[in-house]
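Below is one structure, written out as structure tokens, with a few remarks after it.
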Amino acid sequence: MCGRFALTEPAARLKEFLDVVDVEEFPARYNIAPTQPILVVIAGERQEPGSNLPDRKALLVRWGFTPSWVKDPREFPLLINARAETAIGKASFRAAMRHRRILVPASGFYEWHRPPKGSKEKSQAYWIRPRNGRIVAFAGLMETWSSADGSEVDTGAILTTAANAAIGRIHDRMPVVIEPRDFARWLDCKTQEPRAVEDLLRPIDDDFFEAVPVSDRVNKVANVDPEIQAPVAPALAEAAAPSTGERARERRRKTGTGNDEGGPDDGGQLSLL
């Protein structure tokens, strides 16, 4: 699940990382929530031969995917996430997987470890960020919804996959990370069909992220100051090497085999809020 994230990078750094030219300066955002506008990157028109300008475009979309065939969004669930294992075949996401794949840049995301019911343990929020101050790009999908009066709204969702060993101690899902070497292939919806990029929809390496415990101030959308990322305890140590059984379960999660459907968050496709 990915229900909150942050983007605090300056425009110049985002331009270089994403290879786009049209990122405007905007304030650092420390607590991005569903229904708010999010920055995404799409494949643009190819430049003229000999041009050295990027062919990617940055734009803002509403975080909360609405398929084009929906008549009234108020009567449709808020889809902030899409399960990578099933998005190719789902009616809500099938067209976007083929025609409108996007990148969602972030400085990191938030996740909550929720103890079993009846436990006296409190829920703990974590700020999960790339190590060494790197930017991250999540795999996403975009759809433009048109109302009866002709107005249009660009909407988007973040793809999630089974958590790697490190994040799995907090939650069983995590966003799909697209690495820079794969940006072009993921965004290319003209020659790269969904099955051709399915190998990118996997958990990122265990040591990519670090998880920092933070206060429950992040729970409130109104709290948007940098202090919500202040550690309240040391970051989680790197996960120990998994046992043989754990490795087998991890292989099943990564390949999409075994039972990985359902759960309290409805497959990671609905809003946390």
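Numbers here simply count residues along the sequence, with the first being 1.
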Problem set entry | Sole residue of Tyr110, Phe109, Trp127, Tyr126 in ring-ring contact (aromatic ring centres under 6.0 Å, His included) with Phe209 | Phe109
Exercise. Nearest 0.5 Å, what's the CZ-CG distance between Arg4 and Asn31?
Worked result: 5.0 Å
Exercise. Where do Val232 and Gln124 land on the side-chain contact (heavy atoms from CB on, under 4.5 Å) test, with the steps shown first?
Worked result: CA-CA 10 Å; Val232 297; Gln124 176 62 58; 4.2 Å; yes
For this session: Find the distance between CG (Leu18) and CD1 (Ile135) and round it off to the nearest 0.5 Å.
Result: 6.5 Å
Exercise. Hey, any chance Val212 and Val224 share a hydrophobic cluster, counting ILVMFWY side chains that come within less than 4.5 Å of each other, even indirectly?
Worked result: no
Exercise. With side chains defined as the heavy atoms from C-beta onward, is the minimum distance between Trp186 and Leu201 less than 4.5 Å?
Worked result: yes
For this session: Could you walk me through whether Ile128 and Ile167 pass side-chain contact (heavy atoms from CB on, under 4.5 Å), step by step?
Result: CA-CA 9 Å; Ile128 301 174; Ile167 305 305; 3.7 Å; yes
For this session: State, to 0.1 Å, how close Lys57 and Val20 come at their nearest heavy-atom pair, and which atoms those are.
Result: N-CG1, 4.2 Å
Problem set entry | Side-chain heavy-atom pair Leu141, Met97 within 4.5 angstrom cut-off | yes
Problem set entry | Euclidean distance, Leu187 CG relative to Asp182 CG, rounded to 0.5 Å | 10.5 Å
Exercise. Are the side chains of Ile178 and Leu103 in touch, meaning some heavy atoms are under 4.5 Å apart?
Worked result: yes
For this session: Carefully, step by step, assess Arg217 and Asp225 under the rule side-chain contact (heavy atoms from CB on, under 4.5 Å).
Result: CA-CA 10 Å; Arg217 291 188 65 245; Asp225 53 275; 2.9 Å; yes
Problem set entry | Heavy-atom pair of closest approach, residues Leu236 and Arg169 | CB-NH2, 3.8 Å
For this session: Only pairs at least two apart or in different chains count here, so list each ring-ring contact (aromatic ring centres under 6.0 Å, His included) that has a residue in residues 15-39.
Result: Phe17-Phe183
Exercise. Take atom CD in Gln36; do more than 12 heavy atoms of anything else shown fall under 6.0 Å from it?
Worked result: yes
Exercise. More than 12 non-hydrogen atoms from neighbouring residues, nucleotides or ligands closer than 6.0 Å to CD on Glu179, yes or no?
Worked result: yes
Problem set entry | Interatomic spacing from CZ in Arg134 to CD in Glu9 - rounded to 0.5 Å | 12.5 Å
For this session: Would you check if Pro77 and Leu79 make a side-chain contact, meaning some heavy-atom pair closer than 4.5 Å?
Result: yes
Problem set entry | Check: Val70 main-chain N/O paired with Trp145 side-chain donor or acceptor under 3.5 Å | yes
For this session: Using a 4.5 Å cut-off on heavy atoms from C-beta on, say whether the side chain of Thr161 contacts that of Leu159.
Result: no
Problem set entry | Heavy atoms from other residues, nucleotides or ligands near NZ of Lys15 exceed 12 (cutoff 6.0 Å) | yes
Exercise. Do you know the tightest heavy-atom contact between Glu210 and Ala235?
Worked result: OE1-CB, 4.4 Å
Exercise. Less than 6.0 Å separating the ring centroids of Phe5 and Trp63?
Worked result: yes
Exercise. Say you draw a straight line from OG1 of Thr155 to CD1 of Ile80; how long is it, rounded to the nearest 0.5 Å?
Worked result: 13.0 Å
Problem set entry | Spatial distance of atom CG (Leu14) from atom CG (Asp19) [nearest 0.5 Å] | 12.5 Å
Seminar exercise, completed: When every non-hydrogen atom of Arg101 is compared with those of Asp188, the smallest separation belongs to NH2-O, 2.7 Å
For this session: Check whether any side-chain heavy atom of Asn81 lies under 4.5 Å from a side-chain heavy atom of Arg173, and answer yes or no.
Result: no
For this session: Side-chain contact test, heavy atoms from C-beta onward, threshold under 4.5 Å: evaluate it for Met174 versus Ile204 and give yes or no.
Result: yes
For this session: Identify the two heavy atoms, one from Gly156 and one from Val61, that lie closest to each other, and give their separation to 0.1 Å.
Result: N-CG2, 3.9 Å
Exercise. If we only count heavy atoms from C-beta on, is the Asp205 to Asn164 side-chain gap below 4.5 Å?
Worked result: no
Problem set entry | Donor-acceptor contact present, side-chain Arg185 to main-chain Ala196, <3.5 Å | yes
For this session: Taking all heavy atoms of Pro115 and all of Glu121, pick out the closest pair and write down the distance.
Result: CG-O, 2.9 Å
For this session: Apply side-chain contact (heavy atoms from CB on, under 4.5 Å) to the pair Val218 and Asn223, showing each step before the final yes or no.
Result: CA-CA 6 Å; Val218 70; Asn223 293 331; over 6 Å; no
Seminar exercise, completed: By side chain to side chain donor-acceptor pair (under 3.5 Å), Glu198 pairs with (sequence neighbours left out) Arg195
